[in-house]
Amino acid sequence: MTRILAIETSCDETAAAVIADGRHILSNVVASQIDLHRRYGGVFPEVASRQHVLSINPVVEQALVEARLGWADLDAVAVTEGPGLAGSLLVGVNAAKGIAFMRGLPLVAVNHLEGHVYSNWLEPVVRGGDGASTSPSPSVVHFQFPVLVLIVSGGHTELVLMEDHGRYRRLGGTLDDAAGEAFDKAARLLGLPYPGGPMVQRAAQGGDPARFSLPRALTTQAEHRYNFSFSGLKTAVLRLVREQQAVLQDVAWPEGYVEGVHKETRRQEEKERRGVEDADDGRRKVQVIRDIAASLQAAVADVLVSKTLLAAADCGARQVCICGGVAANGELRRQLAERMTLPYSIPPIWLCTDNAAMIGAAAHYRFMAGLRAGWNLDVRARLPLASW
Ligand code: KG4
Ligand code: ZN
C-alpha cells in the first residue's frame with residue numbers, strides 16, 4: 001500500500017490530502033481564498049501567495065489529523081510543480097521539500113493537469129454512458145485504454161488521448177480562451193461576481209438557453225478538428241449586453257446573490273405577490289441575464305461535448321474522462337449524460353475544482369514507476385502535460 005501526502009497550491013486554493021494507493025481519499029483539505037479575491041474580481045497573485053504562506057502549515061497538519069496518520073506512516077510527499085502562478089507554486093514546493101527533507105521521504109513532482117486527469121481515478125467517481133452506472137460508485141473503476149480525456153479548467157481546454165498511465169498524446173486545445181476563462185469573462189460582462197463559472201451557472205437557473213443564439217466554433221476542418229475557440233463567445237456576450245443596455249443598465253447584483261439567494265428576484269417576487277405594478281420591469285432585467293447565462297452555458301457545453309464525441313470516435317477511445325473546474329458545470333454534465341455513447345467518467349463536483357487529492361492520485365502512479373524529484377525541484381508556471 002502507498003500512502004502519499006499531496007500538496008497543491010497552484011492558484012487560489014491551499015490544499016493538502018492523504019491518498020492511499022492512488023484511489024482512496026484518507027483526507028482532503030481545501031482552504032479556499034475565494035472571499036479574499038472577490039473584491040479584485042479575480043485572483044490577485046501576490047495576495048494568493050501570501051495567503052498560501054499563512055495557510056499551508058495548518059492545512060497540511062489537518063490533512064494528517066483527518067487521515068489519522070503520523071509522519072512515519074507516509075511513503076512519499078507529492079507536490080504540484082506547475083502549471084500555475086509561480087509565487088503560489090513556490091509555497092507548496094518549499095513546504096513539500098521541507099517535509100521530505102526533514103522526514104527522509106521521497107519527493108514526487110506532479111503536473112497540475114495530470115492531477116486533474118487522475119481525479120477520475122479517485123473514489124467516488126461518477127460514471128455514465130453505455131451500460132455504466134450514473135451514480136457515484138464506490139466500486140473500483142477499471143479504465144480501459146486508450147482513454148480520451150477532456151481537461152476543462154480556468155487556464156486550459158485540452159483534448160488528450162491517454163494511451164496508458166503517464167502516456168499522453170495531445171490532440172488539440174483552445175486557440176484562445178479556455179472554457180473556464182470564457183465563463184469568467186462573460187460573468188464579468190454580466191456584472192456577476194467572481195468566480196464566474198459557478199455564478200453563471202446559478203444565474204442560468206430559470207433562463208431560456210434558446211433565447212439567444214451564441215456562436216459555436218465547431219469546425220471539423222482537419223487542422224482544427226480537435227481545437228477550440230471561445231473568444232467569439234465573449235464578443236457575442238458583449239454585443240448582447242450592449243444591445244440589451246436599456247434593459248440592463250439598472251441591474252445591480254445584490255450582496256446576497258453570492259450566498260445563493262437572489263434578493264432582486266426575491267424582492268420582485270414579493271412585489272408581484274403584493275400586486276405592485278413595477279414588478280415587471282425588474283423581473284425583465286433579471287430574466288435577460290438569466291437567458292444570456294443559460295445560452296452561454298448551452299453553447300460552451302455543446303462545443304465541448306461535440307468535439308469530445310468526435311475525437312473519441314476518430315481515435316477509437318474505449319472510455320472518456322472529463323475533468324477540471326468546468327466539469328463541475330451542471331449543463332455540461334447534463335449534456336454528457338444525454339449525448340455520450342461511450343462509457344465516461346466525471347469526478348463528483350468537489351473533486352472537479354482544484355484539490356490535493358487528485359495530486360496524490362497522480363503521484364501514486366509516478367511513485368510506483370520510480371519517479372522522484374531532486375532537491376533542485378523548481379516551479380514551472382508554464383508546463384504542458386507530457387508523458388513520462
Ligand atoms: O480547475 P480549476 O479549479 O482551476 C484551474 O486549474 O484553472 O478551474 C477553475 C475554473 C474557473 O474558470 C471557474 O469559473 C470554472 O472552473 N468553474 C466552473 C464551474 N465551477 C468552476 N465553470 C462553469 N460552471 C461551474 N459550475
Ligand atoms: Zn485546476
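Counting starts at 1 for both ligands and their atoms, following the listed order. Just so it is clear, the structure is predicted and the values come from calculations on it, not from any experiment. Just the heavy atoms: all of them, side chains too, but no hydrogens, waters or symmetry mates, feed the values below. All residue numbers refer to positions in the sequence shown, counting from 1.
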Can you tell if the side chain of [X] reaches within under 4.5 Å of the side chain of [Y], non-hydrogen atoms only?
X: P215; Y: L233; value: yes
X: V93; Y: D378; value: no
X: T2; Y: M368; value: yes

Show which atoms of ligand 1 fall inside a sub-4.0 Å distance from at least one heavy-atom site of [X].
X: G180; value: 12 (O)
X: G155; value: 7 (O)
X: H112; value: 6 (O)
X: G325; value: 1 (O), 2 (P), 8 (O), 16 (O), 17 (N), 18 (C), 19 (C), 20 (N), 21 (C)
X: Q201; value: 24 (N), 25 (C), 26 (N)

key: Distance flag, aromatic centroids of Y365 and H165, threshold under 6.0 Å   = yes

request  = Would you check whether P195 reaches within less than 4.0 Å of ligand 1, judged by its heavy atoms?
outcome  = no

request  = With the Zn ion (ligand 2) as the reference point, give the N/O/S atom of D354 that is nearest.
outcome  = OD1

note = the Zn ion (ligand 2) has as its nearest N, O or S atom from H112 the atom NE2

Pairs of nitrogen or oxygen atoms closer than 3.5 Å, one from [X] and one from ligand 1: do any exist?
X: G330; value: no
X: G197; value: yes
X: H116; value: yes
X: G196; value: no

Charged N-O contact under 4.0 Å between [X] and [Y]:
X: D302; Y: R339; answer: yes
X: D314; Y: R225; answer: yes
X: R366; Y: E114; answer: yes

What's the shortest distance from [atom] to any protein heavy atom, and which residue and atom give it?
atom: atom 12 (O) of ligand 1; answer: D184 OD2, 2.8 Å
atom: atom 2 (P) of ligand 1; answer: D354 OD1, 3.3 Å
atom: atom 24 (N) of ligand 1; answer: N329 ND2, 3.0 Å
atom: atom 10 (C) of ligand 1; answer: G154 N, 3.4 Å

key: E81 CD to L89 CG distance, which is reported to the nearest 0.5 Å   =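 Taking CD in E81 and CG in L89, the distance rounds to 9.0 Å.
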
Spacing of CZ belonging to F183 relative to CZ belonging to F230, to within rounding of 0.5 Å =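 The CZ atom of F183 sits 8.5 Å away from the CZ atom of F230.
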
key: F101, CZ atom: more than 12 neighbouring heavy atoms under 6.0 Å   = no

ask   = Is the CD atom of E61 crowded by more than 12 outside heavy atoms at less than 6.0 Å?
value = no

request  = May I ask you to check whether H156 brings an N, O or S atom to under 2.8 Å from the Zn ion (ligand 2)?
outcome  = no

request  = Answer yes or no as to whether an N/O/S atom of C11 is found below 2.8 Å from the Zn ion (ligand 2).
outcome  = no

